[in-house]
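For reference, the structure discussed in these notes is given below.
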Amino acid sequence: MITEEIYKKYGEMGIDKKVLDFSMATEMNLKDRFAEIDQIAEYNQLKIIKAMQDNRLSDIHFAATTGYGYNDIGRDTLEQVYADVFNAEDALVRPQLMSGTHALAVALAGNLRPGDEILSPVGKPYDTLEGVIGITPSNGSLAEYGVTYKQVDLLPGGEFDWEGIRNAINPKTKLATIQRSKGYDSRPTLSVKSIGELIKFIKGIRPDIICMVDNCYGEFVETIEPTDVGADLCVGSLIKNPGGGLAPTGGYIVGRSKYVENASYRLSAPGLGKEVGATLGLNAPLFQGFFMAPTVVASAVKSAVFAANLYERLGYDVLPKGNDDRYDIIQAITLNSPEAVIAFCQGIQAAAPVDSYVTPEPWPMPGYTCDVIMAAGAFVQGSSIELSADAPIKPPYTVFFQGGLTWYHGKFGILMTLQKMYEKGLTDLDQ
Ligand SMILES: *Cc1c(COP(=O)(O)O)cnc(C)c1O
């Protein structure tokens, strides 16, 4: 029997029968849920194949360019494929965009001028953007170039503060930055539909406000993207969802031609724009990773849903809840003690294909006010579409975890977190 063999194998890998029995019962209940996740992946897979076919993708597009990178038809085709999948006019998809933060910084700096104002109608943006915008004083920030910033928080229930947003918009407002994923915050992640409603509201007040969505962690979790509902720009990292685990580096900016073009003059130089940028042979993994992204994202979403349901059953507070709809790949689990957070992260690490022998420990990471523990055994450094977890060591002891290139790895990682907690007597499986 195949089930017996799998059980035996999990046993060899260090998972107790008790942990397995408990977890398998949770998995059994998720069949319908997983089928829905697979359908979203199926739809998105077709969308990507269609864009590749329409652009007559061929192996000539996988050739390496060097130097200035003039006439890199692989790069140009990759950007057109992204634009088509996102239902947008143009895209900048480059290994020279070093991270999500860099892509966002380029999109902002390229489209803002002194005297302009940025509005965040969804509360505080992702930590790294504080320095970019200059919310916290920072050398080289947009604030130093005379760009101001206004923020309207979500209401306590997580809804948009429509009145607050209306009042915040003024003649200087040039760009609204809308973060789709909650990131490591406690607010809800926005559905693409609700992003569409927000954009419609903003455009109803001033149609010329550029609506930019920080799409990190959101790509392919749903069948539509923010550019399908009116976003002028959508920005993200290739070592998250759209790189499919294969992109070794990079970021993307997709949207209306003039705004993508503005960003390109900041990425390279005024006058050069999109025409330069050697791809050094990276086009092939960027195409292939994009092709893999829908199923990789489905694996990550399944892992998140599985973990939510498993830990909810054990009595822990989880966000999103086990039954909630998913709009990104991040799962937060509140484990109530530092020991449990450390055991959880050590479980993720122990299940990794890379660096599984390393034991993560909390350390005083620069920029944080408390120790932080991080678990990742990734093929690509810092890649968070690969199974990874991190937690600040402070009450209420919430661990954030995301990724899983395959569902089986995600599952094994989560089993290992429970195993470590069980071994240390931190959780009770007799319920
Ligand atoms: C990861 C992330 C970023 C920044 O991306 P980096 O690649 O880590 O620089 C920005 N916004 C959100 C919501 C993210 O999740």
Side-chain angles (χ1 to χ4, degrees), residues 92-109 118 120-133 135-136 138 140-142 151 154 175-192 194-195 198 212-222 225-226 231 233-245 247-254 263 267 286 289 293 297 300-301 304 319-320 326-332 365-368 372 374 376 378 380-392 400-403:
L92 197 56
V93 186
R94 302 288 170 116
Q96 289 87 2
L97 287 167
M98 287 174 256
S99 65
T101 304
H102 185 216
L104 287 158
V106 164
L108 288 169
I118 303 171
S120 175
V122 297
K124 191 185 84 60
Y126 196 74
D127 278 355
T128 55
L129 285 189
E130 290 192 23
V132 171
I133 296 171
I135 300 170
T136 46
S138 173
S141 69
L142 288 164
Q151 174 178 317
L154 296 175
L175 180 147
T177 179
I178 302 166
Q179 186 179 310
R180 176 172 174 182
S181 167
K182 68 179 182 301
Y184 304 115
D185 218 326
S186 54
R187 69 151 169 98
T189 286
L190 307 176
S191 67
V192 171
S194 68
I195 289 173
L198 177 59
M212 181 190 87
V213 175
D214 173 353
N215 209 25
C216 283
Y217 286 134
E219 299 91 350
F220 305 129
V221 174
E222 299 180 67
E225 299 294 336
L233 283 171
C234 216
V235 183
S237 163
L238 299 195
I239 63 166
K240 292 179 180 172
N241 304 14
T249 188
Y252 76 91
I253 299 168
V254 59
L267 173 63
L286 297 199
V297 169
V301 175
L319 185 74
R326 296 283 156 163
Y327 306 125
D328 68 10
I329 65 168
I330 300 180
Q331 182 63 48
M365 210 179 118
Y368 286 81
V372 175
M374 296 189 154
V380 171
Q381 186 198 85
S383 167
S384 44
I385 187 63
E386 300 189 47
L387 194 66
S388 47
D390 34 71
F400 295 90
F401 109 94
Q402 65 273 315

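Starting from 1, each residue takes its place in the sequence as its number. Each ligand, and each atom within it, is numbered from 1 in the order the structure gives.
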Within a distance under 4.0 Å of any heavy atom of [X], pick out the atoms of ligand 1 and give their elements.
X	result
Y217	15 (O)
Q179	13 (C)
S99	7 (O), 9 (O)

Taking the side chain from [X] and the backbone from [Y], do they hold a donor-acceptor pair closer than 3.5 Å?
X	Y	answer
Q331	L319	yes
S181	T189	no
E386	V380	yes
Q179	Y126	yes

Legend entry - Close approach, L104 and ligand 1, non-hydrogen under 4.0 angstrom: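 Yes.
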Legend entry - Option with minimal heavy-atom separation from atom 6 (P) of ligand 1, where the choices are G382, G100, G183, P125: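 Among G382, G100, G183, P125, the closest heavy atom to atom 6 (P) of ligand 1 comes from G100.
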Counting only nitrogen or oxygen atoms and a 3.5 angstrom limit, does [X] reach ligand 1?
X	answer
D214	yes
K240	yes
T101	yes

Inset, instruction - Using a strict 4.0 Å threshold on nitrogen-to-oxygen distance, state whether R180 and E225 make a salt bridge. - result: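 A salt bridge links R180 with E225.
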Legend entry - Lys/Arg-Asp/Glu bridge criterion (N-O < 4.0 Å) met for E130, K124: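 Salt bridge flag = yes for K124 with E130.
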Inset, instruction - Search all heavy atoms of A247 against all heavy atoms of L238 and return the closest pair with its distance. - result: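 Shortest heavy-atom separation between A247 and L238 comes out as CB-O, 3.6 Å.
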Inset, instruction - Classify the contact between H102 and ligand 1 as side chain, backbone, both or neither, using a heavy-atom distance cut-off of under 4.0 Å. - result: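 Looking at H102 and ligand 1, no heavy atom falls under 4.0 Å.
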